[in-house]
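Working notes, structure below.
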Amino acid sequence: MAKLFIVGFPKEYQQIALVELFSIHGTVNTVTLVTDRETGQPKGYGFITMNDDAGAKRAIAALDGTSMEGRTISVRFAEEKPAGRPATVNPRRDNRISPQKPKRPRRK
């Protein structure tokens, strides 16, 4: 399987539009659009997993640098994360961790 990184497509595009666009060049396995955590709106980039490298190469050759609704898209192979080394997180800046506040006593 080949994982592609696509950036620059119009933010109004849904997953189905990208499946239709890429399936011309090969079988699309998954489409993941990156969205804003607060609004849920797409950020204009994402990942597409295709079943074979040949289809992925055809998609890159055909779609990289093309214009879609006034925006130039970039399509390339996604970089693999290094295995065995987790990302470091600064606990003071990590929004996923909320410190437990002590409970206030009830008023009587």
Side-chain angles (χ1 to χ4, degrees):
M1 284 215 265
K3 189 171 187 178
L4 300 176
F5 175 70
I6 178 171
V7 64
F9 60 86
K11 294 182 180 181
E12 298 82 31
Y13 266 46
Q14 300 294 318
Q15 288 180 347
I16 190 69
L18 292 175
V19 168
E20 291 172 354
L21 183 66
F22 279 79
S23 63
I24 296 168
H25 308 287
T27 305
V28 175
N29 192 15
T30 61
V31 176
T32 305
L33 300 180
V34 178
T35 57
D36 184 87
R37 286 185 185 180
E38 294 177 10
T39 64
Q41 297 296 318
K43 290 187 170 185
Y45 68 96
F47 299 92
I48 296 175
T49 305
M50 299 186 75
N51 281 348
D52 62 338
D53 285 344
K57 288 177 184 176
R58 286 191 302 268
I60 291 171
L63 299 174
D64 187 39
T66 60
S67 181
M68 297 171 62
E69 297 182 19
R71 297 185 65 163
T72 303
I73 65 169
S74 173
V75 183
R76 62 182 179 266
F77 283 102
E79 296 176 6
E80 295 294 324
K81 291 182 181 179
R85 186 174 159 193
T88 58
V89 177
N90 184 346
R92 286 183 272 166
R93 292 184 166 222
D94 189 5
N95 293 332
R96 297 174 294 173
I97 301 171
S98 59
Q100 294 290 333
K101 294 181 181 179
K103 292 185 177 181
R104 294 174 50 188
R106 290 188 179 186
R107 290 186 178 175
K108 292 185 180 182

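Count residues from 1 along the sequence.
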Rounded to the nearest 0.5 Å, what's the gap from [atom1] on [X] to [atom2] on [Y]? Could you check?
| X | Y | atom1 | atom2 | value |
| --- | --- | --- | --- | --- |
| Tyr45 | Thr32 | OH | OG1 | 12.0 Å |
| Asn29 | Asn51 | CG | CG | 5.0 Å |
| Lys43 | Thr35 | NZ | OG1 | 8.0 Å |

Which atom pairs, donor and acceptor, lie under 3.5 Å between side-chain atoms of residues 11-25 and protein residues at least two apart or in another chain?
| residue | atom | partner | partner atom | Å |
| --- | --- | --- | --- | --- |
| Gln15 | NE2 | Val31 | O | 3.2 |
| Ser23 | OG | Val19 | O | 2.9 |
| Ser23 | OG | Glu20 | O | 3.3 |

Run the side-chain hydrogen bond (donor to acceptor under 3.5 Å, both in side chains) test against Thr30 and tell me which residues pass, sequence neighbours left out. Thr49
Could you check Phe9 against Leu63 for side-chain contact (heavy atoms from CB on, under 4.5 Å), going step by step and ending with a plain yes or no? CA-CA 11 Å; Phe9 60 86; Leu63 299 174; over 6 Å; no
Go through the structure and list residues passing ring pair (Phe, Tyr, Trp, His ring centres under 6.0 Å) with Phe47, not counting sequence neighbours.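 Partners of Phe47 by the ring pair (Phe, Tyr, Trp, His ring centres under 6.0 Å) criterion, ordered by chain and then number, come out as Phe5.
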Let me check something: do Ile73 and Ile60 share a hydrophobic cluster, defined by ILVMFWY side-chain heavy atoms less than 4.5 Å apart, either directly or through other members? yes
Would you say CE of Met1 has more than 12 non-hydrogen atoms from neighbouring residues, nucleotides or ligands within 6.0 angstrom? no
Selection residues 52-74 - residue pairs positive for side chain to side chain donor-acceptor pair (under 3.5 Å), sequence neighbours left out: Ser74-Arg76
